[in-house]
Amino acid sequence: MKKEGFLLDIDYRTEKVGSEGSGGSGGSRGGGSRGGGKEKPVVRLWCKSTSESEEGSDFVVLDKDFEPYFYAFPFSYASRSEEEGEAELREKKRLVEGICVERRSSEGAGEEVRVKRVEFCRKKLLGLERQGLKIFTELPRHVPVLREEVRRAGLAVFEADILFPIRYLIDKQLKPFDGVKVVGEEAEGEEAVLNYANTGTRTRTRKRKRKRTAILASKVCYKKMAVGNLPIKILAFDSEMATQPGSGSGMPSPKKDPIIIISVAYREGRARGGGAGEGEARGGERGGEGKGGEGNEVKTKLFVLEEGEYGRGDDERVIREFLEFVQEFQPDVIVGYNSDGFDWQYLKERAKLHGIRLNAGADGSTVQFERGGALPGVNIAGRLNVDLFKLAKRDLDSVKVKKLENVAEFLGVQRKSERVNLTPREINECWFEGSRERKRRERLYEYAKADAVSALGIAEKMLPLQIELSRMVGYPLDELAKMGRGRQVEAFLTAEAFKKGELVPPKRGSEKTFEGGFVLPPEKGLHENVVALDFSSMYPTIMISFNISPDTFVEPGRAEVVREGAGVVGDFVAQDLHFAPEVRHAFRKSPDGFFKRIMTDLIARRRAIKSAMRKHDKNSSEYQLLNLQQQSIKILTNSFYGYTGWNAAKFYKRECAEATTAWGRHFIKRAVKMAEEEGFKVVYSDTDSIFAKLPPGVTEVAEDRKAAVLKKAREVSERISEELPLELEIQDFFKTIFFTGKKKRYAALTDKGEIVVRGLEVRRGDWCELAKEVQTKVIELVLREKDPAAAFKFVKTVVQDLKDGKTPLEKLTIYKTLTRRISSYETKQAHVVAAQRALDSGVAYEVGSKIPYVILKGAEGARGAGGARGTGVA
DNA sequence: GTAGCTGGTGGGTTTA
DNA sequence: TAAACCCACCAGCTAC
């Protein structure tokens, strides 16, 4: 049979050869079951159909024909003949083929590990063609063992740390949320049962669910497809606990406190385009949804503990019903807020207590918890588990205190003022007193629902961009959502390298830092009619213009500057090289480097997308999708500079980053000079921007002044764009701008009436609301009204209110991040002291969380304000 | 990724 | 002798 669809997730399991199927736990990315006998890896591609008759239905592709492998190359010795090299490689090949070692599993059982086979191969290493070995292994878990042995045999090892499923995607050129075509036969019997869920055996109360077809693949390949409006089912969940009254501690403990509510939110019905092939689960919902609209409504469901159950501390039924719901709903994506760090961990403990399996996987397997690792990771087979808190932490810089309600409000999902808000103490009260007071219990239910709905809303706002990034980078969404930008770039580069026959270099860090951007000291005070100019995509443009790439960098000594009369000594001649200013790093002008080829391609793709966007209405779904695509390309392109300077990067090359910033400094200084030559007074400049005004007396009327400044700015920009390989764009026009005299700190009023603030306390998360409110008002009065006296008066009233104790405590709460364990702080800072006191009274703040505190006059130290998650700090 | 600001700690030194 | 001052450093956070 043939099947087409799009890829959602990938993992693998190991199965015993010979016997039908195998026992053991379901494999996951990076994991696998074990046991005696011969085993082999089976890659599982979790897909959704795109064919018209069964759109949105699930199927899983089983591929048993992919072998784990890695590369090994001899260390290159200077000037050795071709024959000598080949002879050595043949010798090494024999050596590697003979490798046999004992591998001890965590249970202590021994396992004999051999190399499966070895092939000769040709690959490029930083542009240089090299001959080496491609070493295949029986199982993915053998790679780390054999890698060490191959190293011992005197070879340099490459690409031995690419996870097996990722290796599969790269080699097959498959991408998540993109097309897959498979030829094979439908799996039957035990094989099918093991690999897809819901054949009806596990869910007692529910009807038999629709079947997930499993296909034993004989051929799997990429299939181009339209990627708009993919039918993806998201399930958001959240759980609430109540702590025993009088137990002192404010934190619920999974050892004793049961889960009182699990709330879920989801959209019911098919995604846009109809619900063909779906007989049930459509309920009596309205089907008439407009094209392009959201259409289907958000639904919620609560799993609530009963009184008697609470008395026994027995939340088994609640957990079971939740799991059954997951299996019935079959979500593609499961989201929660801090779900990896909290909800799943709690569920794990509670499930263990009752001896029930947390089988939320699409194959009925249990939720897998990553061991070790700095951050707790949670994996669910066949589904994409995403912790939105991690996403918000990484991507929503402007939300300072990343509580669920704050993020939801910021994204326009749900206003805080329009939902039920409860503190942990109130949750307790609503629970315990709710048995008498029905209303309070209702409030708790509304609260639980609001949390799940907010999580769903956040997912719907944030995931589309993540999905585009996932498709582009080639990493499954759940993993990608946890990765930092550097690792995302690296994943993308790894796939690109494969396409270009390049090897991914091994990591070789360094501690050395390098000089960054140039900042011109600002001219203190108030300025009027200032134009802001900036270089668009300065670093990427520089990298492309000067072919900056790890493979075009010429080591000092290899480049010879041709002096008059002197012969050529190095491998490269000066006129064939770009030399960076100040640092004098050299880069070959040709051929185009690895980075340049990729970046040029990305920029071309982005340009094409942007022009395609113009053909669509801004509110259309086509436009929105294209917009997300161009955004993700931009994010990636802009990350290349940072990536080359990230010392944990595989393609790390300090000189690349160093040269990039050196050219940046060179050009911004040149631009300042040119602007001043044209009659501008440059009042400030930072890295890639210039703030300039015309000296007084050029024109008299205010309106003319703006026109004059802009006209001049256009002239300067044109001249600069002609002379330099960069575009200088007019970014903004400020009617007034105020500099405190310090770098990176100013406030401005644009000609559109908006106030822009940079660096000042308003922008900082470690100042209390009151301070920020006051500063905002002062800035308004100074910039808009130009009335410092009024500002002064206003501040005085605020100070008086403060002295009179009229200011509410919440407005004085300061939040600061606890960046490490309390014990490892050298200095006694207020928020650390506050965190310690909170701990003493039973509220444990995790590393990385924000500690709320208030500084009181004459107090011994910090006193707590009501936090949302944590109760007051003692 | 580097540049830069600010507040605070903690120790040593100066000052009234 | 204690308050005032100075300074290097730690820590957190932001601009680009």
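A, B, ... follow the sequence lines: proteins, then strands. Residue 1 opens every chain.
- Within the 4.0 angstrom heavy-atom criterion, only backbone atoms of the sugar-phosphate kind lie near A:R758; the bases stay farther away.
- At whole-Å resolution of the value, NZ in A:K744 and P in C:dG12 are 20 Å apart.
- One interatomic measurement links the two molecules: CG of A:D686 to C1' of B:dG1, which rounds to 14 Å at whole-angstrom precision.
- Rounded to an integer number of Å, the gap from NZ of A:K512 to C1' of B:dT2 is 16 Å.
- Within 4.0 Å of A:G765, counting heavy atoms only, lie sugar-phosphate atoms of the nucleic acid but no base atom.
- For the pair A:K743 and A:K816, both in contact range of DNA chain B, the more 5′-proximal nearest nucleotide belongs to A:K743.
- No engagement by A:E761 is indicated, since no non-hydrogen atom pair under 4.0 Å with the nucleic acid exists.
- Regarding contacts with the backbone of B:dA3, every side-chain N or O of A:R665 stays at 4.0 angstrom or more from both OP1 and OP2.
- Taking atom CD1 on A:I542 and atom C1' on B:dT2, their separation rounds to 14 Å, with Å as the unit.
- Contact annotation: A:Y825 side-chain N/O to C:dC9 OP1/OP2 distance is not under 4.0 Å.
- Taking the ring axis of A:F794 as reference, the NZ or CZ atom of A:K777 stays within 45° of it and closer than 6.0 Å to the ring centre.
- Closest approach to the A:T819 side chain among C:dG12, C:dA15, B:dC5 is made by C:dG12 (side chain taken as heavy atoms from C-beta onward).
- The distance between atom NZ of A:K742 and atom P of B:dG4, rounded to the nearest whole Å, is 12 Å.
- Picking from B:dT2, C:dA11, B:dC5 the nucleotide with the shortest atom distance to the side chain of A:F514 gives B:dT2.
- The minimum heavy-atom distance between A:K402 and A:V399, with the atom names listed, is NZ-O, 2.6 Å.
- The side chain of A:K828 sits closest to B:dG10 out of C:dA11, C:dC16, B:dG10.
- The separation between A:K400 atom NZ and C:dA15 atom C1' is 11 Å, rounded to whole Å.
- OP1 or OP2 of B:dG10 has not a single side-chain nitrogen or oxygen of A:T827 nearer than 4.0 Å.
- In this structure, the CD1 atom of A:I814 is 13 Å from the C1' atom of C:dG12, given to the nearest Å.
- Under a cut-off of 6.0 angstrom, the local environment of CZ in A:R607 is sparse, with at most 12 non-hydrogen atoms contributed by other residues, nucleotides or ligands.
- Residue A:T661 is classed as having no contact, given no heavy-atom separation below 4.0 Å to the nucleic acid.
- You'll find the ring centres of A:Y652 and A:W646 outside the 6.0 Å limit.
- Ring-centre distance between A:F691 and A:Y746: below the 6.0 Å cut-off.
- Side chains of A:H585 and A:E658: a donor on one and an acceptor on the other come within 3.5 Å.
- The residue A:Y746 sits close only to the backbone: its heavy atoms come under 4.0 Å of sugar-phosphate atoms, none of a base.
- C:dT14 atom P lies 13 Å from atom CH2 of A:W767, rounded to whole Å.
- Within the 4.0 angstrom heavy-atom criterion, no nucleotide atom of any strand lies near A:S639.
- No contact: A:R485 has no heavy atom under 4.0 Å from any strand.
- Residue contacts shown for A:Y539 are absent, as no nucleic acid heavy atom lies under 4.0 Å away.
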